[in-house]
Q: 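For reference, the structure I am asking about is given below.
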Amino acid sequence: MKVKNYAIDLVAKLIVPVAEGFGIYAKAGGAYFHSEYDPNSGSFVNLDGVTVSNFTTASHFGPAYGVGAFYEFNQNLGIDLAWMHYS
């Protein structure tokens, strides 16, 4: 089965500094979701949980939220670990 998905989100981010260069954050907002399905590869369960075989695209807006942590090695280099949930 071939399915392509993407989401574009717009969220507010609350950052809490924990130590020098390290912090945690929470973010929440909304997102646009888009799915494309290749109908030649079988059936597909759509966004409402219904199995369909002739579906080709679906899009919708919904909530998005997540949490994360980051560490900045210097002003130009850092790492970020995040978890996001898209409804």
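Index from 1, following the sequence.
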Q: Provide the closest heavy-atom pair for Y25 versus D80 in the form atom of the first, atom of the second, distance.
A: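 For Y25 versus D80, the nearest heavy atoms are OH-OD1, 2.7 Å.
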Q: Calculate, to the nearest 0.5 Å, the distance between atoms OH and CG belonging to Y71 and L81 respectively.
A: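 If I round to the nearest 0.5 Å, the distance is 15.5 Å.
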Q: Quick one: closest heavy-atom pair of I79 and F73, and the distance?
A: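 Here I79 and F73 meet closest at CG2-CE1, 3.7 Å.
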Q: Return the orientation label for the F33 and Y86 ring planes: parallel under 30°, perpendicular over 60°, tilted otherwise.
A: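 Geometry flag for Y86 against F33: perpendicular rings.
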Q: For the NZ atom of K27 and the CG atom of D9, what is their distance to the nearest 0.5 Å?
A: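 Separation between the atoms: 6.5 Å.
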Q: In this structure, would Y65 and L10 fall into the same cluster of hydrophobic residues linked by side-chain contacts under 4.5 Å?
A: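 Y65 and L10: separate clusters.
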Q: Quick one: NE2 on H34 to CG on N5, what's the gap to the nearest 0.5 Å?
A: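 If I round to the nearest 0.5 Å, the distance is 9.0 Å.
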Q: What's the separation between atom OH in Y32 and atom NE2 in H60, rounded to the nearest 0.5 Å?
A: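 So the OH of Y32 and the NE2 of H60 are separated by 10.0 Å.
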